[in-house]
Amino acid sequence: PEDVRRALEDGGSCARGMRVESYAPGTLMEVAESIEHVGEACGVPRRGARARREFEDRLVAVREATHAAKKQRTVLLLEWLDPAYDGGHWVPGMIVAAGCV
């Protein structure tokens with residue numbers, strides 16, 4: 001984000017009035033918070049709050065649908081193949097929400 005800020009400062013008139021927002025969610029709940037923050041940053045806080053609620057409602061629906069399964073599936077989610085790199089940040093939460101381990 002700092003290099004983007006510097007580029008905006010050096011960008012002349014086209015960059016005036018711009019602001020850099022940086023989010024680094026590490027969990028699904030932090031993703032939800034980021035959705036709301038983006039709405040606030042865009043000047044549409046109610047829309048951001050609504051989008052967050054919809055995201056959280058969908059997450060609850062997925063959890064309810066998948067946790068009824070008799071057997072949890074074991075999964076490996078690779079974000080990158082070469083070199084092999086497993087998914088971090090909120091990916092483990094997505095796996096659990098989907099009823100897997």
Side-chain angles (χ1 to χ4, degrees):
E2 196 55 41
D3 55 340
V4 175
R5 283 189 188 90
R6 280 194 303 275
L8 286 174
E9 290 169 2
D10 297 338
S13 62
C14 69
R16 265 190 220 117
M18 290 188 185
R19 159 176 113 207
V20 174
E21 294 285 328
S22 178
Y23 307 99
T27 66
L28 286 173
M29 288 302 98
E30 289 173 357
V31 170
E33 291 170 6
S34 295
I35 291 168
E36 191 163 4
H37 292 307
V38 167
E40 292 167 0
C42 291
V44 289
R46 288 188 300 182
R47 188 171 175 190
R50 183 177 65 242
R52 177 184 181 163
R53 283 191 307 274
E54 290 172 359
F55 173 82
E56 290 172 339
D57 290 347
R58 289 178 183 168
L59 192 55
V60 167
V62 167
R63 285 184 174 135
E64 288 173 353
T66 59
H67 282 65
K70 294 185 190 322
K71 180 180 178 186
Q72 284 188 317
R73 302 289 179 187
T74 301
V75 300
L76 169 65
L77 190 145
L78 293 178
E79 217 171 282
W80 198 257
L81 295 178
D82 190 16
Y85 185 80
D86 66 337
H89 295 58
W90 58 82
V91 173
M94 292 170 55
I95 292 169
V96 171
C100 300
V101 292

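We number each residue from 1, following the sequence as shown.
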Joining Ile, Leu, Val, Met, Phe, Trp and Tyr whenever any side-chain heavy atoms lie under 4.5 Å apart, the cluster holding Val101 also takes in none
Minimal heavy-atom distance between Glu40 and Pro45, with the atoms involved, is CG-CB, 4.0 Å
Establish whether Phe55 and Val96 are linked, either directly or via other cluster members, by ILVMFWY side-chain heavy-atom contacts under 4.5 Å.
-> no
If you group Ile, Leu, Val, Met, Phe, Trp and Tyr whenever their side-chain heavy atoms sit less than 4.5 Å apart, what else falls in with Val75?
-> Leu77, Val91, Ile95
Any pair counted as side-chain hydrogen bond (donor to acceptor under 3.5 Å, both in side chains), so long as it reaches residues 71-93, sequence neighbours left out | none
How close do Ala97 and Leu28 get, heavy atom to heavy atom, and via which atoms?
-> CB-CD1, 4.5 Å
For Val38, the hydrophobic cluster (side chain heavy atoms closer than 4.5 Å, chained through members) also holds Tyr23
Roughly how far apart are Thr27 OG1 and Met94 CE, rounded to 0.5 Å?
-> 12.5 Å
Rounded to the nearest 0.5 Å, what separation is found between the NE2 atom of His67 and the SG atom of Cys100?
-> 9.0 Å
Over all atoms of both residues, closest heavy-atom pair of Gly48 and Ile35 | O-CG2, 4.0 Å
Smallest separation among heavy atoms of Pro92 and Gly87, with atom names = CD-O, 4.0 Å
Residue pairs passing the side-chain hydrogen bond (donor to acceptor under 3.5 Å, both in side chains) test where at least one lies in residues 47-59, sequence neighbours excluded = Glu36-Arg52, Arg52-Glu56
Can you name the residues that form a side-chain contact (heavy atoms from CB on, under 4.5 Å) with Thr66, not counting sequence neighbours?
-> Val62
